[in-house]
Amino acid sequence: MLYERLDRLRQRTSERLAELYKQPGFNHQAVWEREAFVDREVERMERLLGVDRGLCFGRLDTVDGDVAHIGRMAIADDDYNPLLIDWRAPAAEPFYRATAANPGNLARRRHIQVRHRKVTGIDDEVFTGDDATLGAVHGEAALLSALTAHRTGRMSDIVATIQAEQDRIIRAPMAGVLVVQGAPGTGKTVAALHRAAYLLYTHRERLERSGVLVIGPNDTFMRYIDQVLPSLGETGVTMTTVAGLVTGAEVSVRDLDDLAVLKGDVRMAGVVSAALRQHQRLPRRPVPVQVDGIGFELSTEQIRAARTRARRSRRPHNAARAVFARDLLTGLARDYLERSGQVADEEDIAETRAELMDDAGVRAVLDDLWPQLTPEQLVAAVFANPKVHRAATRALEPAERERLADPSRLPKGPWSAADIPLLDEAMELLGEIPDEEALAAARREEREREAEERFARELLSELDLGFPVDAGQVADRYRGAPARATVRERAGADRAWAYGHVIVDEAQELSPMAWRMVLRRVPSKSMTVVGDIAQTSAAGGARSWDAVLEPHVDGRWRLETLTVNYRTPAEIMAIAAGVLSTIDPSLQPPESVRSSGEQPWSRRVDGGQLAAETARAVRAELSRDAEGRLAVIAPDERAAEIARELRTHLSDDGARGSVAFGGDGAAALDARIAVLTVDQVKGLEFDAVIVVEPAGIVAASARGATDLYVAVTRPTQRLGVVHTGELPIELGALAETHAP
Ligand SMILES: Nc1ncnc2c1ncn2[C@@H]1O[C@H](COP(=O)(O)OP(=O)(O)OP(=O)(O)O)[C@@H](O)[C@H]1O
């Protein structure tokens, strides 16, 4: 019956759309009115199409005999009686929260499993009477079937099986900073994405205007999670990496750890700002300048006064140049007029100043004293311009100053991940380089748009449409703006956009400089920060939440901890727990929600046989699981070679083409076999994982044990290790066995 209703709703929506498209747009008003309706119907259609899979997944029976069904969206019959309650509505909360100790007025909770519109399983939890049946997890059968299903290379939503501790996070109030700390596989990412959907539902009007931003660690990860929100009917969220927040800067090189740590240090904000001050030059001697063949001098006092005024204007450097130029050239214009014997009034001075501004010689002097700069030029100067470097890094230790110096750096890059927050910092201080013509055009444009918006607002108030329509959007349409930009598009194109809520995933990897950059985008400090301090592997990443957040929110943040591991079976988690204890014996491993009955294995091989033996293990894995996805995780410096050799070894099996190597996001997610480094598997999961040469992973950096911990916590089913030499002590719990 629900699906009948869904089909009818779709039918009606598509009929309405067809009608709307047929209507002629005989005048502006008719056009925008129609477009507003079309938008609404298209959005509705998207939602109706997105919810088919598992439309209804729960049922609540109260002790009073009332029945409610819970699903992906709210559906009512023709008389507005609710048939299905949206999972985010307050009425759905008991479905996720009720416990044996605290059942509220529930008598029974039912989890319904559906496949292709057919019910395939029912799982009841009874809260009352002798047959009360409540386990530690909610909807155990549905949960276990989700957890043991083959991985697809894309994260799925968990709306039908959200657990109570996750639900608390999802429905937490929007204001302030919420930190979600949790071990691998506890559902931090998936809970954070459901929280985005919940916040959009609960604060729709506000967030639709300001937008929600989700920041993740790399492009592969962003692709891995990009289906979750659409499957929950939400398509308007901006999703990007930290580097993606700075347009035009591509990360193509990697810094050595100690350099990355230094670049991520908050003292670098002072370095960038000191470097900028170096470009606001105060020469020791007067500066000669020729105008119309006559020689003038700009005194150091004049230059100092103009510089002080420009700095005090509090405008970004590139905009403050106009203040500097005006001040300096007013004096010069006066001198010029005096010398030519004229009695000058203000108007003459203004006119002469404007002429001076166009004089090539004068402009060259201005460019020397207060140049227009791009962020790339400023940051490159910190490394490569000896004078700027010397002055800007004065507050650093001698060894640090030396580390930053790199005469080969150019404004065109290449850039490392740690350079990105420096570029953003520079952008913040510099602002855009004003283009006078563009500025005038933008001012004209803005005035016209305001007039249209006023007109749209008046029309809307007369029309009383019965649903909210944004006058700004209508104005854009009315003016024939090229297809109206969504909030997501507008926010993405505007560096200074203030988001309504920001979610940061794998947040432990952000350096203090990266935090400054993220927080700039959310002045309200309404954030969800998701991560695991025990998994920090980036040089310059967080060692405690307190340390990273304290400077920005001064103790005003809340911590929620997730404790149950849904991804990794107990057998593998026992091995991971051994690794964790070598990182910090006081850290508690998460509790796995299930066992698989399969022991992880390890196999010691001769050096020359590493690739051949890895290929053998891969082949064994393929033959035992025809559909599964497998990751081979190798030390950074070995991964390319292992991928190459695996392809050769597997060419006879026809499996050669299914080996993907690193970098390319989509290939790594879609391939049957992906050879990846630890950096690349962060946040991902696979049916099976083979770790190659774990000692190499441990030895590669100061945080090598953490990297190994990340690697061994990726599988949902099976873990194997192929190694030459002794196993590292971190894997002491892994008994020597033969690969299956
Ligand atoms: N309540 C749940 N129902 C079904 N599956 C779940 C649930 N919670 C978590 N999972 C599954 O567990 C896996 C791990 O979740 P997720 O990737 O969000 O964990 P994480 O804490 O972010 O891990 P990591 O720290 O390793 O990135 C995912 O496949 C997710 O779908």
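Owing to the predicted nature of the structure, the values given are computational and were not obtained by experimental measurement. Whatever order the structure lists ligands and atoms in, that order sets their numbers, starting from 1.
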Test item: side-chain donor near acceptor, Ser156 and Gln227, under 3.5 Å: no

field: Check: Ala146 N/O within less than 3.5 Å of ligand 1 N/O
entry: no

message: Tell me the protein heavy atom at minimum distance from atom 13 (C) of ligand 1, and give that distance in Å.
response: Glu685 OE1, 3.2 Å

message: Quick one about Ser537 and Lys682 (side-chain donor to acceptor, distance below 3.5 Å, no hydrogens or angles considered), yes or no?
response: yes

statement: The protein heavy atom nearest to atom 12 (O) of ligand 1 is Tyr566 CB, 3.6 Å

Met155 neighbourhood, listing ligand 1 atoms whose heavy-atom distance to it stays under 4.0 Å: 16 (P), 17 (O), 18 (O)

query: How close does the nearest protein non-hydrogen atom get to atom 21 (O) of ligand 1, and which residue and atom is it?
result: Lys188 NZ, 2.7 Å

message: Treating Glu730 as the side-chain partner and Thr582 as the backbone partner, does any N or O pair qualify as donor plus acceptor under 3.5 Å?
response: no

task: Would you confirm whether Arg59, through its side chain, and Val67, through its main-chain N or O, come within 3.5 Å as a donor-acceptor pair?
output: no

query: Ser416 and Arg254: side-chain donor and acceptor closer than 3.5 Å?
result: no

task: Tell me, with the steps shown, if Phe95 and His111 meet ring-ring contact (aromatic ring centres under 6.0 Å, His included).
output: CA-CA 9 Å; Phe95 183 72; His111 286 265; 4.7 Å; yes

task: Would you give the length of the straight line joining atom CD of Gln163 to atom CZ of Arg168, rounded to the nearest 0.5 angstrom?
output: 11.5 Å

task: Could you verify whether a donor N or O on one side chain and an acceptor N or O on the other, from Asp532 and Gln181, lie under 3.5 Å apart?
output: yes

field: Thr713 to ligand 1, any heavy atom closer than 4.0 Å
entry: no

query: Can an N or O of Gln166 be found at a distance shorter than 3.5 Å from an N or O of ligand 1?
result: yes

field: atom 30 (C) of ligand 1 - nearest protein heavy atom and its distance
entry: Val190 CG1, 4.3 Å

message: Tell me whether Lys525 contacts the main-chain N or O of Ala175 through its side chain, where contact means a donor paired with an acceptor under 3.5 Å.
response: no

For atom 22 (O) of ligand 1, the protein heavy atom that lies nearest, with its residue and separation: Thr189 OG1, 2.8 Å

field: Min heavy-atom dist Gly683 to ligand 1 below 4.0 Å
entry: yes

task: Answer side chain, backbone, both or neither: which part of Leu562 comes under 4.0 Å from ligand 1, heavy atoms only.
output: neither

Gly187-ligand 1 polar pair, N/O distance under 3.5 Å: yes

task: Ignoring hydrogens, just give me the one of Glu165, Arg567, Arg714, Lys682 whose non-hydrogen atom is nearest atom 17 (O) of ligand 1.
output: Arg567

task: Note the single closest protein heavy atom to atom 27 (O) of ligand 1, along with its residue, its atom name and the distance in Å.
output: Glu506 OE2, 3.1 Å

field: Close-contact set for ligand 1 against Leu147 heavy atoms, below 4.0 Å
entry: 4 (C), 5 (N), 6 (C)

message: Checking a contact table here: which protein heavy atom is nearest atom 6 (C) of ligand 1, and how many Å away?
response: Ile158 CG2, 3.5 Å

- prompt: Any side-chain donor paired with an acceptor under 3.5 Å for Thr189 and Asp505?
  reply: yes

field: Polar proximity ligand 1 side, Thr186 side, N/O cut 3.5 Å exclusive
entry: yes

task: Could you tell me whether Arg567 and Glu685 make a salt bridge, using a distance below 4.0 angstrom between a side-chain N and a carboxylate O?
output: yes

message: In this structure, does ligand 1 have an atom that sits under 4.0 Å from one of the heavy atoms of Ile162?
response: yes

- request: Using a cut-off of 6.0 Å, state whether more than 12 heavy atoms not belonging to Glu591 lie near its atom CD.
  value: no

- line: Counting from 1 in the order shown, the ligand 1 atoms closer than 4.0 Å to a non-hydrogen atom of Gln535 are 25 (O)

query: Ala183 near ligand 1, heavy-atom distance under 4.0 Å?
result: yes

- request: Please write down residue, atom name and distance for the protein heavy atom closest to atom 4 (C) of ligand 1.
  value: Thr161 OG1, 3.2 Å

message: Using a 4.0 Å cutoff against the non-hydrogen atoms of Arg151, which atoms of ligand 1 qualify?
response: 29 (O)

- prompt: Can you find a side-chain donor-acceptor pair between Asp625 and His150 that sits under 3.5 Å?
  reply: yes

